[in-house]
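Worksheet: one structure, shown below.
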Amino acid sequence: MKVKTSEAVFKGHPDKVCDQVADGLLDVFLSHDKDSRVAIECLIKDNFVVIAGEVTSNYSIDYAKETKRILEEIGYTDDFEIIVKVSEQSNDIKIGVDNLGAGDQGIMYGYATNETKECLPLPYVLSRNIAKRMDEVNRQYSSIFGLDGKCQVSIVYDGDKARHISTVVVSAQTKPGINREEYEPYILEVLEEVLPNDLTDTSTLILINPTGEFVNGGPYADSGVTGRKLQVDSYGTLALHGGGAYSGKDYTKVDRSGAYFARYVAKAIVKAKLATSCQVSVAYAIGVPFPVMVDVKASNSELSNDELRKIINKVFDFAPSNIIKELKLKEQTYQPLAAYGHFGNIGYPWEEVSEEVISRLKEASQSSHGQN
């Protein structure tokens, strides 16, 4: 037996606010100039916001106006003071990208499992679904709840099989003067709706605001910074992460595009039933138009990891220029991904594995078997 735990945060969590601001500004640039080069980060504390980074674009924006618009969409309507420190992209980086090379160096990971319909780990999916539903509740009952919060789900596994939800934690900001008897029933209703009945019982420990009152929240209780919730963005601590943030970066940055493609390939392996779970890793060097490493680790596969690596190198093209084209990264809207994670979202190309790709993988695997 082992226990797997994953967390998620609400849209109003200060770190997630910064991710949404960074990707929201990116979306504005790309909507007017799809060749914009953007690397923006955000910091928030109280009603003070810093926007910093590098941008090269044919379009100019009013950073303060757009930042306030995004914050209002999230639910923060304070009179924010916004400081902007943004310069143009380094010419050295520009030369490498213009030559169809990677926009940075680094290692990216993609993961998929057949455990859920989203091909994501169950603890991650459940914690994310709690956060999504709580964000609906805190807006519906704004006289009771604030915007900030986080949640966590721990599940006991027997091998690869989920057996029992052992612990659920929900920390939800509430308005001053609201007592536990007033807000707790709404949270329990969310948990009853989201958690599978066959995995919960009276021994499941439910912890709601375990430290007591949670009134002071958002950027007034803590600072927020872009890229500080990387596991929430990806696989909830249940797969590796290369360490580079996704949000605020245009599609030439392999921290983003390489991670998306690695997820796409891992999901294709699982969808083709070549493994029950799969982790794909890829590494790039700045300015180089091809990966310097591609590797794979799979579970419950008839093929060795080395055989799978050869297959995916045969079927998929990891060149940054191809990733941008194949996943239609110039056409995407990124701010929605910054709230609850970048994977498992219907409609995004890295989540849509075609039957053609599945057939090519199966053919390549059969060919590999025939050579052994």
Side-chain angles (χ1 to χ4, degrees), residues 7-30 38-53 55 61-86 127-142 145-152 170-175 209 214-234 236 244-249 255-256 333-343 345:
E7 75 161 350
V9 298
F10 300 1
K11 286 179 69 173
H13 185 284
D15 290 328
K16 270 287 137 223
V17 167
C18 291
D19 289 338
Q20 292 168 83
V21 168
D23 269 342
L25 294 174
L26 169 67
D27 285 344
V28 174
F29 278 110
L30 293 180
V38 180
I40 286 179
E41 297 183 8
C42 172
L43 179 147
I44 189 170
K45 176 58 183 165
D46 297 339
N47 66 334
F48 182 77
V49 179
V50 177
I51 305 297
V55 173
I61 70 172
D62 184 330
Y63 285 96
K65 178 182 177 181
E66 295 295 345
T67 298
K68 289 179 180 179
R69 174 187 60 79
I70 297 164
L71 289 168
E72 288 177 1
E73 290 176 0
I74 297 169
Y76 289 107
T77 58
D78 307 55
D79 184 17
F80 286 97
E81 177 186 358
I82 299 173
I83 302 298
V84 179
K85 289 291 183 180
V86 177
S127 60
R128 183 167 74 171
N129 287 346
I130 293 170
K132 287 181 178 179
R133 188 69 187 94
M134 281 302 304
D135 275 335
E136 295 173 355
V137 169
N138 68 28
R139 283 153 178 77
Q140 184 178 358
Y141 301 101
S142 58
F145 292 98
L147 297 171
D148 196 359
K150 57 173 59 177
C151 49
Q152 184 172 286
V170 179
S171 296
Q173 183 187 7
T174 60
K175 294 296 177 66
N209 287 2
F214 180 9
V215 175
N216 188 26
Y220 290 91
D222 195 3
S223 62
V225 181
T226 301
R228 204 156 62 178
K229 285 290 177 283
L230 301 183
Q231 292 292 357
V232 174
D233 285 337
S234 54
Y246 308 148
S247 292
K249 299 175 181 177
D255 280 338
R256 172 164 237 151
T333 301
Y334 294 100
Q335 184 181 340
L337 301 172
Y340 305 110
H342 294 247
F343 306 118
N345 302 289

- Message: Under the rule for side chain to side chain contact (heavy atoms under 4.5 Å, CB included), what residues qualify as partners of Lys45, not counting sequence neighbours?
- Response: Ser223
- Message: Taking the side chain as everything from C-beta on, heavy atoms only, tell me whether Glu7 gets closer than 4.5 Å to Ser127.
- Response: no
- Item | salt_bridge(Arg69, Glu73) N-O dist < 4.0 Å | yes
- Task: List the steps and the verdict of side chain to side chain contact (heavy atoms under 4.5 Å, CB included) for Ile82 and Tyr63.
- Result: CA-CA 8 Å; Ile82 299 173; Tyr63 285 96; 5.5 Å; no
- Message: To the closest 0.5 Å, what do you measure between CD1 (Ile40) and CG (Leu25)?
- Response: 5.0 Å
- Leu230 CG to Asp255 CG distance, which is reported to the nearest 0.5 Å: 9.5 Å
- Note on the structure: Looking only at heavy atoms, the pair that brings Ile130 and Val170 closest together is CG2-CG2, 4.2 Å
- Do Leu71 and Val49 come within less than 4.5 Å of each other through their side chains, counting heavy atoms only? yes
- Message: Strictly below 4.0 Å, N to O, side chains only: are Lys11 and Asp135 in salt-bridge contact?
- Response: no
- Supply the atom-to-atom distance Leu147 CG to Phe10 CZ, rounded to the nearest 0.5 angstrom. 10.5 Å
- Just how far is it from atom CG of Leu26 to atom NZ of Lys249, taken to the nearest 0.5 Å? 11.5 Å
- Result of checking Val21, Leu43, Thr226 against Ile51 for side-chain contact (heavy atoms from CB on, under 4.5 Å): Val21
- Message: Which heavy atom of Asn138 sits nearest to which heavy atom of Gly146, and what is that distance?
- Response: CB-O, 3.3 Å
- Query: Do you know the tightest heavy-atom contact between Ala131 and Cys151?
  - Reply: N-SG, 3.8 Å
- Item | Where Pro14 and Gly218 come nearest, the two heavy atoms and their spacing | CG-O, 3.8 Å
- Nearest-0.5 Å distance that lies between atom OG1 in Thr333 and atom CG in Leu30: 9.0 Å
- Message: Less than 4.5 Å apart, side chain to side chain, heavy atoms only: is that true for Asn47 and Tyr220?
- Response: yes
- Query: For the residue pair Tyr246 and His342, does the interplanar ring angle fall in the parallel (under 30°), tilted (30 to 60°) or perpendicular (over 60°) class?
  - Reply: perpendicular
- Item | side chain to side chain contact (heavy atoms under 4.5 Å, CB included) between Thr67 and Phe80, worked out | CA-CA 9 Å; Thr67 298; Phe80 286 97; over 6 Å; no
- Shortest non-hydrogen contact from Val28 toward Glu66: CG2-OE1, 3.8 Å
- Query: Is there a donor-acceptor pair under 3.5 Å between the side chain of Asn209 and the backbone N or O of Ala172?
  - Reply: yes
- Any salt bridge between Asp233 and Lys16, counting N to O under 4.0 Å? yes
- Message: For the residue pair Ser247 / Asp23, report whether a side-chain donor-acceptor contact shorter than 3.5 Å exists.
- Response: yes
- Nearest-0.5 Å distance that lies between atom CE in Met134 and atom CZ in Arg139: 10.5 Å
- Message: Do Tyr340 and Asn129 have side chains that approach each other closer than 4.5 Å (heavy atoms only, starting at C-beta)?
- Response: no
- Message: Quick check: closest heavy atoms across Pro219 and Ile44, and the distance to 0.1 Å?
- Response: CB-CG1, 3.8 Å
- Determine, stepwise, if the pair Thr174 / Val215 fulfils side chain to side chain contact (heavy atoms under 4.5 Å, CB included). CA-CA 5 Å; Thr174 60; Val215 175; 4.2 Å; yes
- Message: Run the salt bridge (Lys or Arg N to Asp or Glu O under 4.0 Å) test against Asp15 and tell me which residues pass, sequence neighbours left out.
- Response: Arg228, Lys229
